Amino acid sequence: MIIVLGAGVVGVLVEAFVPRRPRHAVQVGLALVALVAALVQVVRLRDTEIVGAVGSVAIDGPALFLQGTLLVMAIISVMFFAERRIESGGDAFAPSASSLPGSEDERVLVREKVLQTEVYPLMMFSVGGMMLFPAANDLLVLFIALEVLSLPLYLLCGMARRRRLLSQEAAMKYFLLGAFASGFFLFGSAFVYGFAGSLRFSEIDAALTARVGQEGLLLAGVGLMAVGLLFKIGAVPFHAWTPDVYQGAPTQVTAFMAACTKLAAFGAMLRLFYVAFGGIRTDWQPMLWAVAIATMVVGIVVALTQTDVKRMLAYSSIAHAGFILTALVAVDEVAIAAILFYLAAYGLTTLGAFAVVTLVRDAGGEATHLSKWAGLGKRSPLLAATFGLFLLALAGIPLTSGFVGKLTVFAAAFQGGAMPLVIVGVLVSAVAAFFYVRVIVLMFFSEPASEGPTVAVPSGWTVVGIGAAAVATIALGILPGPLLDLAEQAAVFIR
Amino acid sequence: MTFPWLTTLIAVPALGAVLTALVPSGRGKLAKQVAIAFSLLTLAVAVAVISQFELGGDRYQLAEQHAWIEALGIHWALGVDGIGIALIALTAVATPIVAMAMWPEADAEKRDPKPFFALLLLVEAMILAAFLAKDLLLFYIVFEAMLIPLYFMIGMYGGPQRRYAALKFLLYNLFGGLVMLAAVIGVYVQSVDAGNPSFLLADLMALDIGTDAQRWMFLGFMLAFAIKAPLWPFHTWLPDAAAEATPSNAAFLSGVADKVGTFGMIALAVPLFPAAAAEFAPFIVVLAVISIVYGALLAIGQTDMKRLIGYTSISHFGFIVLGIFALTDRGATGATFYMVNHGLSTIALFVVVGFMISRRNSRLVADYGGIQKPAPKLAGVFLFAGLSGLALPPLATFLSEFLVIAGTFERYRAAAVIATGGIVLAALYILWLYQRTMTGPVREESAGMRDLGRREIAVVAPLIALILAIGVFPRTVIDVIDDGVGPTLAEVEVDVPPPLINVVDTVIEGNDQ
């Protein structure tokens, strides 16, 4: 974590001192080296269980598992970020996010082929925050991690090279709503602090068991904190930002957000609800039941009507958050393991899916309207097949990682007595299959549109990234054993 | 350790699928040859498996078991009993025939046939795995995963409405499958509660599941199987798929792939939830009888030949389900036997109709007439296949239909009587179809109709030979099936009327090698 944050800082220095020409290469290299080094460190720490930093950070199984997964996904994300061949002007990011869309300033920058390299340090800060998020053992650290991960993301969202207005709008929306959510979260933390007299999770837990009375204060606090976290995972009814932001942000950033933010936020939720609020589970379970059902249903139903690939994937990510929530309700180690596995499986698949989206382009940039994807299977069978694979995994078809994930999550929920949730989940999955399959139909069975998009030939970065995601999707579907074992071993929180 | 025959049986077609897919595109003929070679090799392995099957031996023979996903108690567990053997034989025989009978000209858009062959072999591997799986999740995985290649097979080749038909097929079956998943998880959770998380059928069948839970899980399984089978009122995807897919694909779909549904009923739903099965049996019998009559009546009214055969399948599947849920040895043996025979006769019918369509490019009954004169061999094969479909003695279907009705009669008289009415209707739709297409004055367009060529005869000859052979010597097949049916029905604790032929009364558990 320190390594990643350090890399962020160094990245800023690089931005200031390294000349423009080699800057891009230096930044990418720095980011990759830092992430890999951090990953090695996480692996080395694998059996550690400590509460460090004066009790405010817990390094235990779930935290390390999530950090490891997060780093793997971040490495793949960096590869997508580093893609320079598919955009005519360079990479996917605006040379200067602050310049007005279409202004003279911007045109000059494009002509000069100026590349935006601030994205890498920004991303490093964000990843650092994400790593801290599920390890936070203290309300304050949790809040700090939330902000550290969010603020760079707000910026990254606004940096799309194409469709500047949409991108800036997305960033604005994300920032405003995110700030609200943080506000709720902070407000809730204050209530909880008021109740427990401590910021430490373990002490909150102790306070729960020791004291009765002032329940109102506590419940309000839990509720408000939940709002903040549910916002981050895009759960209904705090989901409204997701489709707009996912659509507007540069697709690479969308991929990063969809996979990594969700992972980090679920990690934080797990710790908060299990470690700190485990004692009053009967109070928050009904709330999560309702949220889970609403999330699954709304996510899927609205996804049915989408005509934009990115929006469709956004709603699908909402639905997936709902699936994960079904297990969160169960509150036991089986559930934790299931969620850990699901997050890894889903994250890798989503990364791959969004990366494919970056490659299908027409004159206006990425061709995200579904109608343009017609007949893609004929023109570039390999790409379409890969995307089909990701869609099948998202739909939870057997022999893909998505199926194993769904199986474990539903089994955990079933065991936790949330049978109705499982039934809703299953029915919703059946509906969901429809719109995933619809895209496959469009790609493989339709005639290509005459002025359809072309598939950009990406550089090695993207190929490797997508390939890794695809291999992971299949491997985790056919041989999920090792990762499941790992998740199971990792499924114990320390207090 | 003995040679893993069953894994080989699954691996050979799977490998064939990969190799077929690697044939350079545009070389359709080569792809076809590779696919046929591998399907024949699979047949050879199947023969080897069958030759090693011992009557009266262990319940599940040639068993293999390896831990697959240990954390969840999922195993790669295979084994075969009499029921499985019969269906494996059907699958292994049918696949090369279907592959040989693939007509590019019956496909509206004349696509590269390579993917079809690769997918066909892939589905064959999955169907075989489903018949062999002795782990519930393994079964579920192949049960669901085979939908995807089948979906592409329907959606890429065939008539103008094929995309709609493929989507309908997929959504119906996926829905059923997901409901089944909930039930599968339900059973699993029972095993976790019992302290031994496992998906092994042997472990699950030993569980003592409460009545209420049994009911729900049984219904979950049955919904999936009834959609797949297809049983009225869950059948509506089949006529569409049968009509729009290419004839060979339709043959494969209703001849082989759908048998996984009825196999699931007899090999999983009934033994896993015996009490619930006995409880719901009357209700399912009613649905089966409705299927028989309804399918037959609608078949009579069809103007599209392939759709017509699709509806006859619904009627025949009604018989199969009826036989299973009569819960008598005789009925279940008849039903399993019926699965094999229906497979053969349906494939024969689709294949012949496919020949006709490839000549005239029309699926409509009204476009044909008097074909007997220019193409006597074609008409003869058609008649033979048709008669086999309506269960004329001594053809193979006769005895299976007889057993089903006799088995049903022991328990549900009224149902047996009405089902017999279905046979009369079958005579009506088959003979009327024959009359309208083959007899009468030669229609102008049919005048120059080619008779069967050598390749085409080679395709149908084995089918005809098998139908005749099984019809004349049914005893061997029935003995094998009985071997599996006896112990399976013994799981259901209803008093079973005395069996027809020798039944193994010892239930031998376990998969020890």
Side-chain angles (χ1 to χ4, degrees), chain A residues 334 337-338 341 377-378 381 385 388-389 392 395-400 403-404 406-417 419 422-434 436-438 440-442 444-447 476-489 491, chain B residues 21 25 67-74 76 109 111-112 115 126 137-148 151-152 154-158 162-164 166-167 169-193 197 199 213 216 220:
Chain A
V334 182
F341 182 85
K378 291 201 178 106
L389 170 73
L392 291 177
I397 303 289
L399 298 181
T400 62
F403 169 71
V404 184
K406 227 171 231 183
L407 177 76
T408 51
V409 164
F410 285 164
F414 208 123
Q415 250 166 291
M419 168 96 161
V422 176
I423 291 175
V424 173
V426 161
L427 294 179
V428 160
S429 304
V431 181
F434 173 75
Y436 294 120
V437 166
R438 197 180 51 171
I440 298 181
V441 171
L442 209 63
F444 286 98
F445 300 160
S446 301
E447 281 310 309
L476 292 182
I478 295 177
L479 286 175
L483 187 65
L484 274 174
D485 289 341
L486 203 62
E488 206 159 277
Q489 285 162 20
Chain B
S25 55
W68 180 16
I69 306 176
E70 259 181 316
L72 296 173
I74 301 170
W76 176 261
E109 286 173 24
R111 280 162 151 262
D112 180 8
M126 288 177 176
L137 201 86
L138 177 63
F139 175 85
Y140 177 78
I141 286 176
V142 285
F143 182 82
E144 282 287 79
M146 80 173 73
L147 297 179
I148 301 300
Y151 164 74
F152 279 105
I154 302 172
M156 286 166 77
Y157 304 91
R162 59 176 194 269
R163 241 171 280 157
Y164 165 78
L167 193 61
F169 161 81
L170 185 70
L171 291 183
Y172 266 71
N173 283 287
L174 208 57
F175 175 77
L178 284 165
V179 173
M180 181 176 151
L181 177 61
V184 169
I185 294 175
V187 185
Y188 172 68
V189 170
Q190 300 277 340
S191 81
V192 173
D193 290 348
F199 279 103
W216 286 109

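Quick caveat, the model's predicted, so the values are computed rather than measured. In what follows, chains are A, B, ... by sequence order, proteins preceding strands, each numbered from 1.
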Exercise. Identify, with sequence neighbours excluded, every residue that meets ring-ring contact (aromatic ring centres under 6.0 Å, His included) alongside B:Phe152.
Key: A:Phe444, A:Phe445

Practice problem: Answer with side chain, backbone, both or neither: which region of B:Leu170 has an atom nearer than 4.5 Å to a non-hydrogen atom of chain A? | Solution: side chain

Exercise. Identify which part of B:Tyr151 has an atom lying under 4.5 Å from any heavy atom of chain A, answering side chain, backbone, both or neither.
Key: both

Self-check item: Pairwise distance CD(A:Gln415) to CD1(B:Ile185) - rounded to 0.5 angstrom
Solution: 10.0 Å

Quiz prompt | Segment of A:Thr400 engaging chain B (4.5 angstrom heavy-atom cut-off) | solution = neither

Quiz prompt | A:Ile423 CD1 to B:Leu178 CG distance, which is reported to the nearest 0.5 Å | solution = 13.0 Å

Exercise. Any chance you could measure B:Glu144, atom CD, to B:Leu181, atom CG, to the nearest 0.5 Å?
Key: 7.5 Å

Self-check item: A:Leu392 versus chain B, the contacting section by heavy-atom distance below 4.5 Å
Solution: side chain

Quiz item: Can any side-chain N or O of B:Tyr140 pair as donor or acceptor with the backbone N or O of B:Gly177 at less than 3.5 Å?
Solution: yes

Self-check item: Pick from B:Ile74, B:Val184, B:Leu137, B:Val179 with the largest number of heavy-atom pairs that fall under 4.5 Å of chain A
Solution: B:Leu137

Quiz prompt | Per-residue contact mode, B:Ile148 against chain A (heavy atom under 4.5 angstrom) | solution = side chain

Practice problem: Among the options A:Asp485, A:Leu479, A:Val404, A:Val441, pick out the one with the most heavy-atom pairs lying under 4.5 Å from chain B. | Solution: A:Val441

Quiz item: Side chain, backbone, both or neither: which part of A:Ile397 has a heavy atom under 4.5 Å from chain B?
Solution: side chain

Quiz item: Considering all heavy atoms of both residues, which atom of A:Ala338 and which atom of A:Ala412 are nearest to each other, and what is their separation?
Solution: CB-CB, 4.1 Å

